[in-house]
Amino acid sequence: TRMKKYYFVGDAHLGSLLFKDKEEHDNRFISWLDMACADSDEVFLMGDIFDFWFEFAHSIPPGYDKILAALKEKCSTGKKIHFVCGNHDQWTYGYLSNLGLIIHRKPEVITLNGKKILIAHGHGLGEKRKATLIINKIFENSVCQWLFRHLIPPKIGIAFGIKWSADNRKKHDKKAKNNEGENTFIDYYSNNTEESFQMTWAMDYARQHPDTDYIIMAHLHREENRLTGNGTQIIILDEFYNRYGYGVLDESGMSLYNFE
């Protein structure tokens, strides 16, 4: 049987206040989507595709019409597009699945080309910091989500979400810039940071599940391709707003690229 081809992309942060030219960024993502859908059997959007996505009872964040139309059009042709929820776009209650996207809310084990693969955005995995754990619990709590969705006027909720997302990204990018010189695995992941928690979690998971071929994640805005001692390949996709990273899984394995 023919080996299938799968494309992966994450952390596009479409609509971010930090982009000088949002339209150019949207168009670039749509160009990638056109290429990926034409060349693959299935596409995986690995979280934080939107800088802020929250479906209120009667409205969604503005500015995504072109992206949503492109996704709907691809799904309508029968293309399987998976949407792995990230920390910026986990609040979907039916709108995205109605477009045809296949929603994955939690880390999930799937089989592609006979390979056992864990897919996850990566946020919160192995997290130990108390403040972050509390914030994550609030964001993921169904009662808090219902209250935000039904009691907060969408204009206020969306303005808050967009501002929070931009501030969060600014912090993330500043940290990444400070760590630019640290290219070694040990240097970058030995601190008490989100990066170290996520990678430690992945390595522990690989040890406990030695039959896992790939762990594919995003979230760190930094490309990693590491082979563990037991043969599990840990892939972290680069972001898609500066270096435009993405991954392709085919008969030769998983390869990482930058979209020109």
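Remember, predicted model here, so these are calculated numbers, not experimental data.
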Notebook entry, point to check: Which is it for Asp65 and Lys72 under the salt bridge (Lys or Arg N to Asp or Glu O under 4.0 Å) test, yes or no, and what are the steps along the way?
Noted result: CA-CA 10 Å; Asp65 292 358; Lys72 186 177 183 178; over 6 Å; no
Item checked: Derivation and outcome, side chain to side chain contact (heavy atoms under 4.5 Å, CB included), residues Phe56 and Tyr95 -> CA-CA 10 Å; Phe56 289 87; Tyr95 188 95; over 6 Å; no
Next item on the list: Kindly determine whether Trp201 and Phe197 satisfy ring pair (Phe, Tyr, Trp, His ring centres under 6.0 Å), including the steps that lead there.
Entry: CA-CA 6 Å; Trp201 183 92; Phe197 298 144; over 10 Å; no
Note to self: Could you go through Trp32 and Val43, starting from their C-alpha distance and side-chain angles, then the distance that decides it, and tell me whether this counts as side chain to side chain contact (heavy atoms under 4.5 Å, CB included)?
What the structure shows: CA-CA 11 Å; Trp32 179 88; Val43 173; 3.9 Å; yes
Next item on the list: Apply the test side chain to side chain contact (heavy atoms under 4.5 Å, CB included) to residues Ile119 and His82: give CA-CA distance (whole Å), side-chain angles for both, the deciding distance (0.1 Å), then the verdict.
Entry: CA-CA 11 Å; Ile119 55 167; His82 300 260; 5.8 Å; no
Next item on the list: Could you give me the CA-CA distance, side-chain angles and deciding distance for Phe259 and Met35, then say whether side chain to side chain contact (heavy atoms under 4.5 Å, CB included) is met?
Entry: CA-CA 10 Å; Phe259 186 59; Met35 176 199 70; 3.8 Å; yes
Margin query: Between Asn27 and Lys66, does the side chain to side chain donor-acceptor pair (under 3.5 Å) criterion hold? Intermediate values first, please.
Written below: CA-CA 9 Å; Asn27 290 339; Lys66 197 191 283 190; 2.8 Å; yes
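Contact check for Ile60 versus Leu68: side-chain heavy atoms found under the 4.5 Å cut-off. Between Glu251 and Asn113, the closest side-chain pair of non-hydrogen atoms is not below 4.5 Å. The shortest distance between side-chain heavy atoms of Tyr241 and Leu18 does not fall below 4.5 Å. Thr92 places none of its side-chain heavy atoms less than 4.5 Å from the side chain of Ser97. Contact annotation: the side chain of Ser40 never approaches that of Tyr6 to less than 4.5 Å [non-hydrogen atoms, C-beta and beyond]. Put simply, the side chain of Tyr64 reaches to within 4.5 Å of the side chain of Trp53, judged on heavy atoms. With contacts defined as side-chain heavy-atom distances shorter than 4.5 Å, the pair Met46/Phe8 qualifies. Lys22 places a side-chain heavy atom less than 4.5 Å from the side chain of Leu17.
Across every non-hydrogen atom of Ile81 and Cys75, the tightest pair is CD1-SG, 4.1 Å. Across all their heavy atoms, Thr232 and Thr212 have their closest contact at OG1-O, 2.7 Å. The shortest heavy-atom contact between Asp51 and His13 is OD1-ND1, 2.7 Å. Residues Ile30 and Ala70 come closest through the heavy atom pair CG1-CB, 4.1 Å. The two atoms that bring His123 and Gly86 nearest to each other are CE1-C, 3.7 Å, heavy atoms only. The nearest pair of heavy atoms linking Pro107 to Leu125 is CG-CD2, 4.0 Å.
Using a 4.5 Å cut-off between side-chain heavy atoms of Ile, Leu, Val, Met, Phe, Trp and Tyr, with links allowed through other members, Ile102 and Leu99 fall into different hydrophobic clusters. In the hydrophobic clustering of ILVMFWY residues, with side-chain heavy atoms under 4.5 Å counting as a link, Ile110 and Phe83 come out apart. Clustering ILVMFWY residues whenever any of their side-chain heavy atoms sit less than 4.5 angstrom apart, transitively, puts Ile67 in the very cluster that holds Ile103. Ile234 and Ile117 fall into different hydrophobic clusters, where Ile, Leu, Val, Met, Phe, Trp and Tyr residues are linked whenever their side-chain heavy atoms come under 4.5 Å apart, directly or through other members. The cluster map of Ile, Leu, Val, Met, Phe, Trp and Tyr, joined by side-chain heavy atoms under 4.5 Å apart, puts Leu33 and Phe44 in different clusters.
The pair Asp211-Lys116 meets the salt-bridge criterion, since a charged nitrogen lies less than 4.0 angstrom from a carboxylate oxygen. At a threshold of 4.0 Å, the pair Asp11-Arg243 does not count as salt-bridged, since none of the basic side-chain nitrogens sits closer than that to a carboxylate oxygen. Using a 4.0 Å cut-off between charged nitrogen and carboxylate oxygen, Glu108 and Lys106 do not count as a salt-bridge pair. A salt bridge links Asp39 with Lys5; the closest basic N to acidic carboxylate O contact falls under 4.0 Å.
For the 3.5 Å distance criterion, the side chains of Asp213 and Gln233 fail to qualify, holding no donor opposite an acceptor.
Just one residue in the list Lys74, Lys79, Arg28 forms a salt bridge (charged side-chain N to carboxylate O under 4.0 Å, His left out) with Asp34, and that residue is Lys74. Checking each of Thr228, Leu118, Ile235 against Ile215 for a side-chain contact (heavy atoms from CB on, under 4.5 Å) leaves exactly one that passes, namely Leu118.
Using the six-membered ring where Trp is involved, His219 and His121 have ring planes that are perpendicular, over 60° apart on the 30 and 60° scheme. Using bins of under 30°, 30° to 60° and over 60° for the plane-to-plane angle, the ring pair Tyr246/Tyr7 lands in the parallel bin. Ring geometry for Phe54 versus Tyr93: interplanar angle over 60°, hence perpendicular rather than tilted (30 to 60°). In this structure, Phe240 and Tyr244 have perpendicular ring planes: the angle between them is above 60°, well past the 30° mark.
Other residues, nucleotides and ligands place more than 12 heavy atoms under 6.0 Å from the CD atom of Glu24.
In this structure, the side chain of Glu239 engages the main chain of Asn242 through a donor-acceptor pair within 3.5 Å. Side chain of Gln198 to main chain of Ala218: a donor-acceptor pair is present (N/O by atom type, distance under 3.5 Å, no hydrogens or angles). Proximity of a side-chain donor or acceptor of Asp89 to a complementary backbone N or O of Asp48 within less than 3.5 Å is detected.
If you take CD1 on Ile236 and CD on Glu195, they are separated by 10.0 Å, rounding to the nearest 0.5 Å. Annotation: the span from Ser255 atom OG to Leu249 atom CG amounts to 8.5 Å, rounded to 0.5 Å. Atom-to-atom distance recorded for Lys80:NZ and Leu101:CG is 13.5 Å, nearest 0.5 angstrom. Atom SG of Cys85 and atom CD1 of Ile49 lie 11.0 Å apart (nearest 0.5 Å). Taken to the nearest 0.5 Å, the CD atom of Glu42 stands 11.0 Å off from the SG atom of Cys37.
You'll find the ring centres of His88 and Phe52 outside the 6.0 Å limit.
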